[in-house]
Undergrad: 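Just dropping this structure here.
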Amino acid sequence: MNGLLTTLLACCLVLSVGCAAVADGEMSPRDHPSPAWALALHGGAGVIPKDLPADQIDGYRQVLRAALVEGRRRLESGGSALDAVEAVVRRLEDDPRFNAGKGAVFTHDATHELDASIMDGRDLSCGAVTGVRTIRHPITLARRVMENTRHVFLMGDGAEEFADTTKVERVPNHYFSTAKRRRSLEKALRRDDASTETRKGTVGCVALDKMGNLAAATSTGGMTNKRWGRIGDSPVIGAGTWADNNNCAVSCTGTGEEYIRRSVARDLGALVEYRAMTLEDAARHIVFDKLERGDGGLIAVSARGEIAMIFNTKGMFRGAANSMGRFDIAIWE
Ligand code: ASP
């Protein structure tokens, strides 16, 4: 009889401790429902003046929203993360407001040299191009490198030659030019610097699809007044782009040299994988403790559908959506 009483008491104790933990809000992250799909995009980080004319702000918001709708449509209907990130980036490459595709910044020689990379979290396959001059959608050429060659990274003339063997759309180099970017080059030439101030507008997208696969894509014109074949982080796998189903997908934007030095995108994946940090904590650690103020930002989505969009600049064009009804666009903090 005594034994039965002791067992009953022990059961009550275990139950009440369990209830107290839940009441205190100490649910383990695994107990939280995860979204079936999730998506984040960026249109570059930097000094984005808060007093921009209202119609310009509206314009940015509209194109970010349209790109987010496109990604949401694909993921909601069961499309792959890879197709979603490519489609979102293609759309942003077509918009002259962003420093990718049409609207890319000018090099020192008043031309355009475009960089892009894409990564598939299923098997770490990836593709990248740098210094391409006639490719309307560099992100699609990067995907072709991934899918149609044994290589990962093609540059300049070789990448153009490879493009000749594919059906990617070609345009003359001046197609990418805009008056705004030309003014930025003139200003940078007068000051004789490679301007980080005017480089904002790189675009990127990360996604988790319903099958549980992650993908990331990034595309840019680089830095105004860049010379000597300068390459930033955007086409460098592990620096500007990373995706691994085991941890997360990342797309960065900012001063490329700093991102290359620190292997930022891969470092974020490593913190999540090896130190079991949450996506948000890992992203904050990198952006605020490793990078310097003003360097830039990043977007990331984890295998559980968490989204992080962190930056140490005044603003970052960005948007996020998921299967649980999230849909938001933001520019400043
Ligand atoms: N990361 C890009 C580069 O350095 C520029 C940017 O994201 O603003 O080429």
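Residue numbers run from 1 in the order of the sequence given. As the structure lists them, so they are numbered: ligands from 1, and atoms in each ligand from 1.
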Undergrad: Working to the nearest 0.5 Å, report the span between CG of N247 and OH of Y274.
TA: 8.0 Å
Undergrad: Once you measure the plane-to-plane angle for H112 and F106, does it fall in the parallel (<30°), tilted (30-60°) or perpendicular (>60°) bin?
TA: tilted
Undergrad: At less than 4.0 angstrom from any non-hydrogen atom of R230, what atoms of ligand 1 do you find?
TA: 3 (C), 4 (O), 9 (O)
Undergrad: Would you say G296 contacts ligand 1, with heavy atoms under 4.0 Å as the rule?
TA: no
Undergrad: Short list, please: which atoms of ligand 1 are under 4.0 Å from a heavy atom of D233?
TA: 1 (N), 2 (C), 3 (C), 4 (O)
Undergrad: For I307, what are the other residues in its hydrophobic cluster, where any two members join if their side-chain heavy atoms are less than 4.5 angstrom apart?
TA: V206, L208, L214, I299, V301, M309, F311, M316
Undergrad: More than 12 heavy atoms of other residues, nucleotides or ligands under 6.0 Å from CE of M155: yes or no?
TA: no
Undergrad: For E292, does the CD atom have more than 12 heavy-atom neighbours from other residues, nucleotides or ligands under 6.0 Å away?
TA: no
Undergrad: Run the contact test for E257 against ligand 1 with a 4.0 Å cut-off on heavy atoms, strictly below, and give the result.
TA: no
Undergrad: In terms of atom number and element, which parts of ligand 1 are under 4.0 angstrom from non-hydrogen atoms of T253?
TA: 6 (C), 7 (O), 8 (O)
Undergrad: Any atoms of ligand 1 less than 4.0 Å from a non-hydrogen atom of G222? List them with their elements.
TA: 9 (O)
Undergrad: Which distance, rounded to the nearest 0.5 Å, do you find between the CE of M277 and the OG of S302?
TA: 13.5 Å
Undergrad: Among the heavy atoms of S234, does any lie under 4.0 Å from an atom of ligand 1?
TA: yes
Undergrad: Is it the case that over 12 heavy atoms from other parts of the model lie below 6.0 angstrom from the NZ atom of K314?
TA: no
Undergrad: Taking only heavy atoms of G256, which atoms of ligand 1 are found under 4.0 Å from at least one of them?
TA: 4 (O)
Undergrad: Nearest to atom 2 (C) of ligand 1 by heavy atom, G232, G254, S219, G297: which?
TA: G254
